[in-house]
Protein chains: 2
Amino acid sequence: MQQGKTRRSNQERSDATRAAIIEAARALFVAKGYADTATPEIVAAVGLTRGALYHHFADKKALFRAVIDREAREVAALIEQSAGENLGPHEALLAGAAAYFDAMAVPGRVRLLLLDGPAVLGVTEMALIDAAHGRRTLEEGLTAAMAPHRLEEKAVKAMAFLLSAAFDRAALEIDAGAARADYAYAIDRLIDRLIAP
Amino acid sequence: MQQGKTRRSNQERSDATRAAIIEAARALFVAKGYADTATPEIVAAVGLTRGALYHHFADKKALFRAVIDREAREVAALIEQSAGENLGPHEALLAGAAAYFDAMAVPGRVRLLLLDGPAVLGVTEMALIDAAHGRRTLEEGLTAAMAPHRLEEKAVKAMAFLLSAAFDRAALEIDAGAARADYAYAIDRLIDRLIAP
DNA sequence: TTGCATACATACAGCCTGTATGTTAGTTAG
DNA sequence: CTAACTAACATACAGGCTGTATGTATGCAA
């Protein structure tokens with residue numbers, strides 16, 4: 001087994017370059033947006049050629065999807081982690097909201113998940129992506145908190161959608177420079193009012 | 001003054017082709033999205049060449065902006081029109097919500113104003129566009145309806161943002177096939193709870 | 001009617017995406 | 001241990017698109 005330079009298995013190589021491409025792509029997508037980021041730029045940042053990119057990803061959109069998917073997964077992980085302590089339904093919702101804002105404070109996330117994502121992949125696919133990951137948490141939380149209201153399931157579901165839209169808008173505004181405290185307060189008040197008896 | 005064919009002033013010609021280009025562009029942007037719509041397609045639909053397009057618009061994005069601007073103006077007009085009757089603050093909000101859903105039911109509007117618009121022009125510019133037109137109505141309505149709550153102005157403003165986000169999400173879901181009744185109910189309930197004493 | 005500006009058309013340069021085809025290194029069968 | 005195969009890339013190429021530069025004809029103004 002010769003060594004010296006870099007003796008790696010194919011699997012390791014593959015994983016490493018895939019990750020490197022995704023990483024570089026994320027940075028550029030964040031800085032310039034999906035449309036204005038060219039594949040030559042991406043691979044140049046990694047020190048590869050476009051051949052490598054198109055070997056690992058079907059096309060530019062597939063690469064974007066990989067970036068989005070990783071991002072959504074991380075957000076979901078942070079939120080679920082916050083729900084770790086067993087709190088009452090109300091406190092759980094508030095904690096989830098705070099965790100969401102924390103997660104979305106990571107630079108670039110707002111643009112990726114709330115702007116370019118829906119436009120490039122479509123709402124349907126984006127809904128699938130974060131339905132699989134994040135939104136179930138909110139829906140379950142709201143269902144628990146609103147149980148006393150005895151609403152139809154689909155009504156609660158709709159309310160959860162609307163609430164998550166409010167979360168997203170708040171994240172967007174905070175990202176655009178608004179004070180987090182203002183929106184955190186508004187969100188908390190919104191939740192309070194929604195689940196109050 | 002010879003006639004027969006088409007004797008038009010330069011101004012008329014200009015306005016007509018501008019409108020025709022915007023119209024054709026709108027149809028294609030709706031059908032295929034901004035990125036997947038090529039300028040050759042657009043002008044072909046009108047029976048012109050790209051020279052005409054680039055004579056009237058600085059670039060493709062400027063044409064898109066013109067489309068968006070017209071669309072936003074129409075939505076705002078419909079909403080303000082609905083606020084015509086002098087109702088109480090609560091009823092005015094509900095009427096405004098219904099008018100918004102009506103306005104956004106026009107095919108393509110959701111995609112233009114809520115998906116491609118923010119992604120292509122950026123949130124900042126989109127915010128300017130419909131702050132100039134539509135959102136002031138909602139903000140004033142909510143301010144009036146929540147006056148008894150004696151909130152700070154910035155808190156009300158934040159709530160208005162969140163509420164408009166809920167409107168947008170509802171329009172998105174309805175556009176994607178959800179039942180309007182479900183979301184109309186959820187929105188009404190949301191408004192009720194927000195402004196209830 | 002002479003001259004300039006406006007409304008377009010045509011032509012061109014550069015870039016980008018996706019695919020097809022090479023080349024090298026790793027993996028596996030005998 | 002080596003021959004055959006496959007995976008990981010690099011190189012080369014074909015279309016298509018954007019934006020600009022330039023040409024032409026028509027309206028307009030002096």
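Below, read A as the first sequence line, B as the second, and so on, with proteins coming before strands; counting in each chain starts at 1.
Rounded to whole angstrom, the span from the CG atom of L63(B) across to the C1' atom of dG19(D) amounts to 14 Å. In this structure, D15(B) places its CG atom 12 Å from C1' of dA7(C), rounding to the nearest Å. Atom-to-atom, CD of Q11(A) to P of dT6(D) comes out at 17 Å; the value is rounded to the nearest Å. Here the P atom of nucleotide dC9(D) and the CG atom of L53(A) are 11 Å apart, to the nearest Å. Rounded to a whole Å, the CG atom of L48(B) is 11 Å from the P atom of dT10(C). Separating the CZ atom of R50(B) from the C1' atom of dG19(D) is a distance of 7 Å, rounded to the nearest angstrom. The nearest whole Å value for the distance from the NZ atom in K60(B) to the P atom in dT18(D) is 5 Å. Distance CG (D59(B)) to P (dG19(D)): 5 Å, rounded to an integer number of Å.
Remark: H56(A) is in phosphate contact with dC9(D), judged by side-chain N or O atoms under 4.0 Å from OP1 or OP2. In terms of phosphate contacts, H55(B) brings no side-chain nitrogen or oxygen within less than 4.0 Å of OP1 or OP2 of dC8(C). Proximity of T49(A) to the phosphate of dT11(D): no side-chain N or O atom is located under 4.0 Å from OP1 or OP2. Phosphate proximity of dA7(C) to T17(B): absent, as no side-chain N or O sits under 4.0 Å from OP1 or OP2. OP1 or OP2 of dC9(D) lies within a sub-4.0 Å distance of a side-chain N or O belonging to R13(A).
Both F161(B) and M146(B) sit in one connected hydrophobic cluster of ILVMFWY residues. Membership requires side-chain heavy atoms under 4.5 Å apart, directly or through other members.
For DNA chain C, none of the residues of residues 31-39 of chain B falls under the heavy-atom distance limit of 4.0 Å.
Checked against side-chain contact (heavy atoms from CB on, under 4.5 Å), A184(B) has no partners two or more places apart in sequence or in another chain. Take R18(A) and apply the salt bridge (Lys or Arg N to Asp or Glu O under 4.0 Å) test, not counting sequence neighbours, and it matches no residue.
The closest side-chain donor-acceptor pair between R189(A) and H149(B) falls under 3.5 angstrom. Judged by distance alone, the side chains of Y100(A) and D168(A) do bring a donor and an acceptor atom under 3.5 Å apart.
At a threshold of 4.0 Å, the pair R136(B)-E140(B) counts as salt-bridged, since one of the basic side-chain nitrogens sits closer than that to a carboxylate oxygen.
Geometric assessment of K60(A) against the ring of Y54(A) yields a negative cation-pi assignment under the 6.0 Å and 45° thresholds.
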